[in-house]
Amino acid sequence: MGILLFDGVEELDAVGPWEVLAYWTRHYPEDGYDVALVTADGKPVTAAKGMVMTPHLSRAEAPDFEVFLHPGGFGTRALTKDEEHLDWIRSMRSDVPLMTSVCTGSLVYAAAGILAGRPAGEDRAREVRRGIQYDPEPPV
């Protein structure tokens with residue numbers, strides 16, 4: 001399982017899921033899952049409120065995850081326009097069975113066009129309406 005980190009990631013959006021998934025993988029190792037933090041280049045990032053977060057892997061080192069989580073945060077605004085990032089998201093869609101997001105991470109999925117024909121929600125309705133412009137077939 002992979003959790004993306006990027007400059008401007010909202011700390012809680014990444015650390016909250018990490019807590020749950022890391023607990024599961026450590027207490028139920030027989031399930032065969034690991035959880036890893038991933039950045040584009042494998043280098044630490046600075047989160048929205050200043051926490052420096054160090055990944056386990058770079059995007060190039062990342063395996064085909066069974067679960068991938070794209071957190072939200074102010075940094076998602078730049079990612080919705082980053083073609084290299086959007087291409088990577090699109091490339092994972094065919095290989096990753098469960099791609100999920102927290103908060104404005106869904107806007108990146110919308111910008112990549114992978115929400116077409118799928119139900120999606122976000123807790124900031126105004127931003128979602130703005131984000132729909134990135135998806136030729138809005139899910140909401």
Side-chain angles (χ1 to χ4, degrees):
M1 295 178 285
I3 299 174
L4 181 67
L5 300 178
F6 49 89
D7 283 323
V9 64
E10 185 62 39
E11 288 87 344
L12 184 58
D13 290 4
V15 176
W18 168 265
E19 286 272 337
V20 173
L21 296 173
Y23 178 90
W24 173 31
T25 62
R26 289 178 185 226
H27 287 84
Y28 300 96
E30 66 274 11
D31 288 348
Y33 287 99
D34 290 312
V35 60
L37 301 173
V38 180
T39 62
D41 58 8
K43 295 179 182 174
V45 298
T46 302
K49 295 176 188 68
M51 178 186 282
V52 176
M53 303 172 88
T54 303
H56 299 101
L57 304 167
S58 70
R59 189 164 53 199
E61 299 167 321
D64 289 338
F65 293 113
E66 288 189 50
V67 176
F68 181 77
L69 182 133
H70 198 303
F74 193 77
T76 59
R77 280 109 179 119
L79 294 177
T80 63
K81 297 173 182 77
D82 180 336
E83 282 304 316
E84 185 177 343
H85 183 73
L86 297 175
D87 285 345
W88 180 59
I89 295 297
R90 288 183 202 108
S91 74
M92 284 195 296
R93 184 66 202 113
S94 61
D95 299 321
V96 179
L98 177 59
M99 293 181 70
T100 189
S101 62
V102 177
C103 199
T104 57
S106 65
L107 299 181
V108 178
Y109 287 170
I114 67 168
L115 297 181
R118 293 180 170 85
E122 207 279 334
D123 70 335
R124 296 182 179 158
R126 186 172 296 140
E127 288 183 72
V128 168
R129 283 193 296 274
R130 281 188 218 130
I132 290 171
Q133 67 186 321
Y134 300 111
D135 194 332
E137 297 178 25
V140 291

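Residues Val20 and Val67 fall into different hydrophobic clusters, defined by Ile, Leu, Val, Met, Phe, Trp and Tyr side chains chained together at heavy-atom separations under 4.5 Å. Val52 and Leu57 are assigned to two separate hydrophobic clusters, defined by single-linkage of ILVMFWY side chains at heavy-atom distances under 4.5 Å. Hydrophobic clustering of Ile, Leu, Val, Met, Phe, Trp and Tyr side chains at less than 4.5 Å, counting indirect connections, unites Met1 with Leu98.
Here the closest heavy-atom approach between residue Ala112 and residue Ile89 is recorded as CB-CG2, 3.8 Å. Scanning both residues, Arg26 and Pro29, for their nearest heavy atoms gives O-CD, 3.7 Å. Residues Ala111 and Thr80 come closest through the heavy atom pair CB-O, 3.6 Å. For Pro71 against Asp13, the heavy-atom pair with the smallest separation is CB-CB, 3.6 Å. The minimum heavy-atom distance between Pro55 and Met53, with the atom names listed, is CD-O, 3.9 Å. Counting all heavy atoms, side chain and backbone alike, Tyr109 lies closest to Leu69 at OH-C, 4.4 Å.
For Leu12, there are no side chain to side chain contact (heavy atoms under 4.5 Å, CB included) partners at least two apart in sequence or on another chain. Legend: residues meeting ring pair (Phe, Tyr, Trp, His ring centres under 6.0 Å) with Phe74, ordered by chain and number and at least two apart, are absent. Residues that satisfy the salt bridge (Lys or Arg N to Asp or Glu O under 4.0 Å) test with Asp87, not counting sequence neighbours, are Arg90.
Applying the 6.0 Å contact sphere to CD of Glu83 captures more than 12 heavy atoms from other residues, nucleotides or ligands.
By the 4.5 Å heavy-atom criterion applied to side chains, Glu10 and Val102 are not counted as neighbours.
A side-chain donor-acceptor contact under 3.5 Å links Ser58 to the backbone of Glu61.
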Quiz: residues 30-37 side-chain donor-acceptor pairs under 3.5 angstrom, not counting sequence neighbours:
residue: Asp31; atom: OD2; partner: Trp24; partner atom: NE1; Å: 2.7
residue: Tyr33; atom: OH; partner: Glu66; partner atom: OE1; Å: 3.4

Distance-only criterion, 3.5 Å: show the donor-acceptor pairs between side-chain atoms of residues 41-48 and protein atoms not counting sequence neighbours.
residue: Asp41; atom: OD1; partner: Lys43; partner atom: N; Å: 2.9

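Here ring pair (Phe, Tyr, Trp, His ring centres under 6.0 Å) pairs that include residues 84-105, with residues two or more places apart or in two chains, are Phe68-Trp88, His70-His85, His85-Trp88.
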With side-chain contact (heavy atoms from CB on, under 4.5 Å) as the test, would you mind laying out the steps for Leu4 and Arg59 before giving the verdict?
CA-CA 9 Å; Leu4 181 67; Arg59 189 164 53 199; over 6 Å; no

